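Below is one structure, written out as structure tokens; comments come after it.
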Amino acid sequence: MFASAVKLVESADYKPKKIKTEDIKKAKKRKQEEEEDSKAKKVKSKDKKVPEVDKKKKPKKEEEQKWKWWEEERYPEGIKWKFLEHKGPVFAPPYEPLPENVKFYYDGKVMKLSTKAEEVATFFAKMLDHEYTTKEIFRKNFFKDWRKEMTSEEKSTITSLSKCDFTHMSQYFKAQSEARKQMSKEEKQKIKEENERLLKEYGYCVMDNHKERIANFKIEPPGLFRGRGNHPKMGMLKRRIMPEDIIINCSKDSKIPAPPPGHKWKEVRHDNKVTWLVSWTENIQGSIKYIMLNPSSRIKGEKDWQKYETARRLKKCVDKIRNQYREDWKSKEMKVRQRAVALYFIDKLALRAGNEKEEGETADTVGCCSLRVEHIKLHPELDGQEYVVEFDFLGKDSIRYYNKVPVEKRVFKNLQLFMENKQPEDDLFDRLNVSTQFMTSILNKHLQDLMEGLTAKVFRTYNASITLQQQLKELTNPDDNIPAKILSYNRANRAVAILCNHQRAPPKTFEKSMMNLQSKIDAKKEQLADARRELKSAKADAKVRRDEKSKKTVESKKKAVQRIEEQLMKLEVQATDREENKQIALGTSKLNYLDPRISVAWCKKWGIPIEKIYNKTQREKFAWAIDMAEEDYEF
DNA sequence: TCCACGACTTAGAAAGAGCCCT
DNA sequence: AGGGCTCTTTCTAAGTCGTGGA
């Protein structure tokens, strides 16, 4: 495996190709700033040998894991790698026709479908229990695309989806998945091993002397497109991706992955200005999909680190920027006022930028700059508060954003002005015929002038991280035990998730599991009462007897009570935590918005094991932060 | 000049793994 | 040992934002 990678390692002291000196300066400057900011450990010089890999032995696992890319010099802007070798993607398994005895019925009569039509029919059959298949748009799109796969005879027979009966097929698949669950240990083990083999062979690449995990090395299988929310394209057929659709990206001097026998790649390119290994164009939106590296990889981690450094730079100038936009609310230029109000929302409410979308191609969702008049209501007074703006719109993934926010008088007056003489479906922040640019582009250009690298999304990162830090300070009680401290952490995390509007559907089993927990608590309480009674009687007993043995009994009973108290406390904390978390998803903010060094520092400060905060995957992703953050880290 | 396209991050749902209780 | 529940992992859709080419 990776023969040429080994070769490369031998000549490890690769030299950078020609780089514009400007870029070098920029990179150096940036690096310096970051070193100061993060008190990062000393960066090794480039000549320092990368851990030598013995070409006879496999790369030592531990050594690979211990690689601290964050201590290495960064590449100049634009160049993403020097060497890249991989095995190409894993394709979806080919379609296996249904057994003869599994029937499809049309208009009450058995009908044998051609393989192609049958395959698409199985996609629908597999989703029969899903709400999707009841939606008109889904059915219409599916039927249209299905007909394209039919033979002409099938096309002339099958003219109405409602006459199609997929239930037998559906039952077959249910039985299949049931059978899979019932498989013996050995069979399951075999499948597991096969998956591991696949991961071992295709799940890794070599990028610049290091073996790195690939995030999604499997090509998306064909199926029916499941958009989120009210998507106009739901139900359309996502076609099967063939090697002929695939662009391979790797280095010239690497072993180029071989296409499956009898096939060719669409293209093999060697572009080290991008990070992806494989790409193809998807047929629903016509957009490009990529195979890229795992979050634990150098290339993703560096970018992530950089993101938080940009947010920290915003921290230094956010006051200035806030003063600036408050001034701009008074501007005589309408464009500037709109920009300033939009920025105020992005900052105060952590809204997304809200780029322009092509109408009718996606679900109707908006962000800040694409808000329409119909999405806000102005209340000069509401529930005893003045100047309240009521937001109600669908954001990313069609998640509803609903919020009533008191705003400053000037903002309120401006909003009234922006809404004057407009229809509900008009843009709140229109372009005023002054510019053809959409508000996001106006805004981001302005932000770029205020701070290098500043864009609308940086505010979300900044506000999320600063909120976590401040909430942790506020909520952590030094006298609390570990579970209580973790509850505080989760609460701080939750404050961020609420700010960012990260929601989830309440788990289907929520009520039930809550009741289960409650009965556990009740049982524990009883147990505690019993233990206390026993302790009491043991004490009384010891008073009378005054011997060693009864003293010992008292001690052990005392311990038992203590233990049960702790267990009860833990359960109660768990219940509170879960209740408060019902509709809130903590994962997204933890993974994408919270500077991990804040969490690491908090753990170090209070002696909380990092495993309580980050699971294995998260620890891998945030290895850089775990390694470098000390307890006094300040975002 | 601008805008469609490309690259990359962020997102919730669903599937899978594993744990705990009976 | 099996069933249910929870936590983790996988999946891929849906955003953001910069830029290259008409």
Side-chain angles (χ1 to χ4, degrees), chain A residues 78 80 127 130 132 177 180-182 184-185 188 191-192 195 199 215-221 223 225-229 231 233-234 238 247 249 271 273-276 279 281-282 284-295 299-300 303-304 306-307 346 352-358 361-363 365-370 394-399 435-438 440-441 443-445 447-448 453-458 460-461 464 497 500-505 507-510 512-514 516-517 520 574 578 583-593 614-618 620:
Chain A
K80 306 296 168 71
M127 290 177 77
H130 204 287
Y132 271 121
S177 81
R180 225 170 302 137
K181 272 184 220 155
Q182 299 302 322
S184 70
K185 253 190 189 150
K188 280 185 182 167
I191 291 175
K192 204 175 161 190
N195 285 339
L199 175 69
N216 55 325
F217 59 91
K218 289 178 185 157
I219 300 276
E220 296 171 19
F225 176 74
R226 302 151 83 119
R228 312 229 170 144
H231 198 116
K233 298 193 171 185
M234 63 168 84
K238 242 177 73 158
I247 301 175
N249 192 34
D271 183 357
K273 308 278 192 298
V274 297
T275 68
W276 53 267
S279 77
T281 301
E282 148 273 358
I284 304 288
Q285 323 268 359
S287 64
I288 307 169
K289 299 251 178 163
Y290 303 94
I291 290 182
M292 289 182 185
L293 297 194
N294 196 68
I299 213 157
K300 293 290 183 191
K303 199 79 188 293
D304 206 39
Q306 199 179 111
K307 173 181 79 186
I346 285 171
R352 295 186 186 83
N355 279 299
E356 200 171 19
K357 293 170 75 182
E358 214 175 327
E361 294 293 302
T362 59
T365 62
V366 297
C368 182
C369 294
S370 49
L394 297 182
K396 182 177 180 180
D397 294 315
S398 294
I399 297 292
S435 156
T436 60
Q437 281 181 72
F438 196 69
T440 45
S441 129
L443 180 63
N444 276 336
K445 253 181 211 140
L447 292 175
Q448 193 58 240
L454 185 60
T455 63
K457 80 194 261 284
V458 179
R460 245 167 106 81
T461 312
C500 293
N501 200 40
H502 291 141
Q503 297 187 23
R504 60 167 185 175
K508 288 228 158 52
T509 54
F510 185 84
K512 211 167 113 196
S513 84
M514 219 49 211
N516 282 347
L517 194 55
K520 260 193 203 170
Q574 205 187 346
R578 197 180 298 178
Q583 318 199 43
I584 299 165
L586 299 185
T588 302
S589 51
K590 209 182 209 178
L591 224 52
N592 300 300
Y593 288 102
Y614 291 139
N615 68 28
K616 186 168 147 278
T617 317
Q618 297 169 154
E620 278 165 15

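What you see is a predicted model; the values in this text were computed from it and never measured. Chain naming here is simple, since letters A, B, ... match the order of the sequence lines and numbering starts at 1 in each.
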* Asked: What is the distance from CE of A:Met234 to P of B:dA13, rounded to the nearest Å?
  -> 14 Å
* To do: Please determine if a side-chain N or O atom of A:Lys289 lies less than 4.0 Å away from the OP1 or OP2 oxygen of C:dA13.
  => yes
* Does a side-chain heavy-atom distance below 4.5 Å link A:Lys233 with A:Glu361? -> yes
* To do: Indicate for each nucleotide in nucleotides 14-22 of chain B, in 5' to 3' sequence, whether protein heavy atoms under 4.0 Å reach the base (B), only the sugar-phosphate (S), or nothing (-).
  => S---S----
* **Flag side-chain contact, heavy atom, 4.5 Å: A:Thr362 against A:Gln285** => yes
* To do: Write down the distance between CE (A:Met127) and C1' (B:dA13), rounded to a whole number of angstrom.
  => 12 Å
* Assess whether side-chain contact (heavy atoms from CB on, under 4.5 Å) is satisfied between A:Leu591 and A:Gln618, documenting all intermediate values. => CA-CA 8 Å; A:Leu591 224 52; A:Gln618 297 169 154; 4.0 Å; yes
* Where the side chain of A:Arg228 is defined as all heavy atoms beyond and including C-beta, which of C:dT12, B:dC8, C:dG15 is the nearest nucleotide? -> C:dT12
* Within the structure, does a side-chain N or O atom of A:Thr365 lie under 4.0 Å from either OP1 or OP2 of C:dG15? -> yes
* Given that A:Arg504 and A:Lys307 both sit by DNA chain B, which one's nearest nucleotide is further toward the 5' end? -> A:Lys307
* **Heavy-atom closest pair, residues A:Thr455 and A:Leu447** => C-CD1, 3.5 Å
* Between A:Asp397 and A:Gly286, which is nearer to the 5' end of DNA chain B once each is assigned its nearest nucleotide? -> A:Gly286
* Under a 4.5 Å cut-off applied to non-hydrogen side-chain atoms, are A:Ile346 and A:Leu443 in contact? -> yes
* Within this structure, what is the CD-to-C1' distance between A:Gln285 and B:dA4, rounded to whole angstrom? -> 15 Å
* How close or far is atom C1' of C:dA14 from atom CD of A:Glu356, stated in whole angstroms? -> 17 Å
* Take atom NZ of A:Lys80 and atom C1' of B:dT9, then tell me their distance rounded to the nearest Å. => 13 Å
* Atom CG of A:Asn355 and atom CZ of A:Phe438: how far apart are they, to the nearest 0.5 Å? -> 7.5 Å
* With distance as the sole criterion, is a donor-acceptor pair present between the side chains of A:Thr275 and A:Lys300 under 3.5 Å? -> no
* Check each of A:His231, A:His130, A:Lys238 against A:Arg226 using the side-chain contact (heavy atoms from CB on, under 4.5 Å) test, and report the only one that passes. => A:His130
* Asked: Are OP1 or OP2 of B:dC8 and a side-chain N or O of A:Thr275 less than 4.0 angstrom apart?
  -> yes
* What does A:Gly367 touch in the nucleic acid at a heavy-atom separation under 4.0 angstrom: a base, only the sugar-phosphate, or nothing? -> nothing
* Asked: Between the side-chain atoms of A:Lys396 and the base atoms of B:dT10, is any donor-acceptor pair under 3.5 Å?
  -> yes
* Starting at CG of A:Leu394 and ending at P of C:dA14, how long is that distance when rounded to a whole Å? -> 13 Å
Would you tabulate the nitrogen or oxygen pairs shorter than 3.5 Å linking the protein to nucleotides 17-21 of chain C?
residue: C:dC17; atom: OP1; partner: A:Thr455; partner atom: OG1; Å: 2.8
residue: C:dC17; atom: OP1; partner: A:Ala456; partner atom: N; Å: 3.2
residue: C:dC17; atom: OP1; partner: A:Lys457; partner atom: N; Å: 2.7
residue: C:dC17; atom: OP2; partner: A:Asn444; partner atom: ND2; Å: 3.1

* Contact summary for A:Ser398 and A:Thr365, nearest pair of heavy atoms -> OG-CG2, 3.5 Å
* To do: Output yes when at least one side-chain N/O atom of A:Thr588 is less than 4.0 Å from OP1 or OP2 of B:dG12, else no.
  => yes
* Asked: Can you list the residues that meet the salt bridge (Lys or Arg N to Asp or Glu O under 4.0 Å) rule with A:Lys218, with sequence neighbours excluded?
  -> none
* Would you give the length of the straight line joining atom CG of A:Asn249 to atom CE of A:Met292, rounded to the nearest 0.5 angstrom? => 10.5 Å
* Look at all strands and tell whether A:Glu282 reaches a base, only sugar-phosphate, or nothing, counting heavy atoms closer than 4.0 Å. => nothing
* Look at all strands and tell whether A:Ile399 reaches a base, only sugar-phosphate, or nothing, counting heavy atoms closer than 4.0 Å. => sugar-phosphate
* What distance do A:His502 atom NE2 and A:Asn592 atom CG have between them, rounded to the nearest 0.5 Å? -> 7.5 Å
* Think A:Lys238 has a side-chain N or O under 4.0 angstrom from the OP1 or OP2 of C:dA13? -> yes
* Under 4.0 angstrom between A:Arg352 side-chain N/O and B:dA11 OP1 or OP2 -> yes
* With A:Lys181, which residues qualify under salt bridge (Lys or Arg N to Asp or Glu O under 4.0 Å), at least two apart? -> A:Glu178
* Asked: Can you tell me how far the CD1 atom of A:Ile584 sits from the CZ atom of A:Arg504, to the nearest 0.5 Å?
  -> 8.5 Å
* **Nearest-nucleotide pick for A:Pro221, side chain only, options being B:dG12, C:dT12, B:dG6** => C:dT12
* To do: Please round to 10 degrees the angle between the axis of the first five pairs and the axis of the last five pairs in the helix from B:dT1-C:dA22 to B:dT22-C:dA1.
  => 10°
* Taking side chain as C-beta onward, heavy atoms only, is A:Asn195 less than 4.5 Å from A:Leu199? -> no
* Structure fact -> Of all heavy-atom pairs linking A:Phe225 and A:Ile284, the shortest is CB-CD1, 3.8 Å
* For the pair made of NZ in A:Lys357 and P in C:dA14, what is the distance, rounded to whole Å? -> 8 Å
* Asked: Quick one: A:Ile219 CD1 to C:dC11 P, roughly how many Å, whole number?
  -> 12 Å
* Indicate whether OP1 or OP2 belonging to B:dT9 is found under 4.0 Å from a side-chain N or O atom of A:Tyr290. => no
* At under 4.0 Å, does any side-chain N or O of A:His231 touch on OP1 or OP2 of C:dA14? -> yes
Each nucleotide N or O in nucleotides 4-9 of chain C that has a protein N or O under 3.5 Å away: list the pair and distance.
residue: C:dC5; atom: OP1; partner: A:Lys512; partner atom: NZ; Å: 2.6
residue: C:dT6; atom: OP1; partner: A:Ser513; partner atom: OG; Å: 3.3
residue: C:dT6; atom: OP1; partner: A:Arg578; partner atom: NH1; Å: 2.8
residue: C:dT9; atom: OP1; partner: A:Thr617; partner atom: OG1; Å: 3.3
residue: C:dT9; atom: OP2; partner: A:Thr617; partner atom: OG1; Å: 2.0

